[in-house]
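Worksheet: the structure to be examined is printed underneath.
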Amino acid sequence: MNSFVIPRSVEWHETHVTILNQQKLPSITEYMDLHTLEDVHEAIATLKVRGAPAIGITAAYGLALAASRYETESVDEFQRRLQQDRDYLASARPTAVNLFWALDRLVAAAKSAASVNEAKTMLIHEAIRIQIEDEDVCHRIGEYALSLFRPGDRVMTICNAGSIATARYGTALAPFYLAKEKGIELSVYALETRPVLQGARLTTWELMQAGVDVTLITDNMAAQTIKAKHINAIIVGADRIARNGDTANKIGTFGLALLAQSFGIPFYVAAPLSTIDIKTKTGADIPIEERHPDEVTHLAGVRIAPEGVNVYNPAFDVTPNELITAIITEKGIVRGHYETALPSLFTKEEHHETI
Ligand SMILES: CSC[C@H]1O[C@H](OP(=O)(O)O)[C@H](O)[C@@H]1O
């Protein structure tokens with residue numbers, strides 16, 4: 001029996017959604033019950049729940065929960081309110097496409113309902129399916145990603161694309177959990193990931209609970225660490241992948257991709273198909289969330305910069321597809337030719353690498 005824990009962050013209940021409050025980690029492990037649409041919107045907007053897939057799962061549960069309380073018997077009125085609440089939840093954060101993918105999947109599921117009660121049941125079942133599917137998807141991503149590493153490899157990552165950012169296992173962190181289960185030794189070097197510190201607070205916390213070897217570095221140590229620690233590869237998550245493979249991920253990811261190119265090491269993006277947005281043609285079309293200046297001027301609530309200083313606080317950046325060695329999905333590993341290979345993933349059972 002593996003005594004190590006692979007944490008989960010979202011759980012459905014008939015009257016509420018329970019989330020692990022990621023803003024309080026690692027010092028406080030607090031579970032919160034979200035009872036209303038506003039609770040869910042606030043939890044996503046303030047990163048109490050974060051990570052593209054986990055955002056989608058939580059929003060789906062939030063929409064199903066709100067719809068379960070609609071009192072109308074009119075299917076048309078039900079659909080109208082559902083679209084209204086879908087749009088409200090979609091306004092919580094702009095970049096992670098999983099939010100919109102999950103919400104629209106629920107709206108589509110209820111379209112065929114013949115009655116309000118049937119629609120309510122369909123929404124709950126579809127939201128549960130999204131979470132169950134994501135756990136399997138992340139496990140598959142982990143298996144493919146693990147095939148790219150050798151025992152003893154030292155791998156760098158940024159932010160948290162881990163178990164708590166998904167249904168379970170994570171995307172970029174999934175191979176490390178599977179390696180641990182298989183007795184394969186891999187070492188992770190995690191960037192702290194200013195300003196919200198998902199790496200320092202969440203990735204180290206998750207991996208240490210699972211007994212995975214992890215070293216914390218500050219963001220400005222990345223180049224020196226790649227050189228001094230002979231990093232073999234870099235693997236990151238994604239919030240939205242455009243049709244041509246340009247990838248939006250946590251701010252700092254683009255810089256890591258440039259370092260990978262400079263050092264001649266592979267740069268991998270691990271993400272489910274639900275993060276690939278075929279309707280977005282290139283990275284230039286991905287909306288980049290800019291967050292409150294206080295995230296930059298304060299650290300743990302303590303001011304670290306002068307009052308009134310100008311601040312630029314983009315939460316994401318876009319890595320151009322030419323810097324990405326491969327995109328690892330639940331259907332296989334795609335190496336380049338993203339413009340044609342990514343859309344084909346949605347029609348194929350599995351992607352077989354072009355040699
Ligand atoms: C599998 S999580 C994907 C992605 O989401 C994170 O952003 P945030 O912490 O702002 O929600 C980060 O960019 C991860 O790589």
Side-chain angles (χ1 to χ4, degrees), residues 6-10 19-23 25 43-59 92-99 101-102 131 134-135 137-142 145 156-177 188 190-203 205-206 219 234-241 247-257 267-277 283 286-292 295-296 313-319 324 327-330:
I6 302 178
R8 287 185 166 87
S9 61
V10 187
I19 62 163
L20 171 62
N21 182 351
Q22 299 188 37
Q23 278 290 25
L25 289 173
I44 293 171
T46 58
L47 279 69
K48 291 185 178 71
V49 59
R50 40 123 329 261
I55 290 171
I57 293 164
T58 306
R93 293 185 77 187
T95 306
V97 72
N98 298 65
L99 173 59
W101 170 83
Q131 181 169 29
D134 187 62
E135 179 163 339
V137 158
C138 289
H139 195 274
R140 293 167 184 269
I141 289 170
M156 183 174 283
T157 192
I158 188 170
C159 197
N160 172 260
S163 191
I164 59 175
T166 64
R168 196 172 187 229
Y169 294 109
T171 54
L173 299 190
F176 307 120
Y177 288 123
V188 181
L191 273 69
E192 65 174 358
T193 317
R194 283 271 294 151
V196 179
L197 301 174
Q198 290 93 329
R201 296 186 303 107
L202 307 176
T203 290
W205 176 80
E206 273 199 37
D219 300 331
I234 296 174
I235 188 168
V236 301
D239 291 84
R240 189 180 311 211
I241 300 173
T247 295
N249 195 55
K250 186 51 52 199
I251 188 71
T253 303
F254 177 25
L256 278 188
F267 181 85
Y268 299 124
V269 171
L273 267 61
S274 54
T275 301
I276 300 173
D277 182 11
I286 300 176
I288 298 299
E289 178 184 13
E290 290 195 33
R291 294 186 60 82
H292 198 284
E295 288 184 350
V296 176
N313 183 21
F316 303 99
D317 57 26
V318 174
T319 298
I324 300 172
I327 295 176
I328 307 156
T329 76
E330 65 271 32

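Keep in mind that the numbers below use all heavy atoms, side chains included, and drop hydrogens, waters and symmetry copies. In what follows, residues are counted from 1 in the order of the sequence shown. Counting starts at 1 for both ligands and their atoms, in listed order. The structure displayed is predicted, hence computed values, not measured ones.
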Across all chains, not counting sequence neighbours, the salt bridge (Lys or Arg N to Asp or Glu O under 4.0 Å) partners of Asp277 are Arg240, Lys279
Calculate, to the nearest 0.5 Å, the distance between atoms CD and CG belonging to Glu289 and Asp239 respectively. 9.0 Å
Point-to-point distance, once rounded to the nearest 0.5 Å, from CD of Gln198 to CH2 of Trp205: 14.0 Å
Would Glu330 and Arg140 pass as an ion pair if we require N to O under 4.0 Å? no
Side chain to side chain contact (heavy atoms under 4.5 Å, CB included) partner of Ser274, chosen from Asn98, Val137, Thr329: Asn98
How about Cys159 and Val236: do any of their side-chain heavy atoms sit closer than 4.5 Å? no
Residue contacts for ligand 1, heavy atom to ligand atom, distance under 4.0 Å: Arg50, Gly51, Ala52, Pro53, Arg93, Cys159, Asn160, Ala161, Ala165, Thr166, Thr171, Gln198, Gly237, Ala238, Asp239, Asn249, Lys250, Phe316
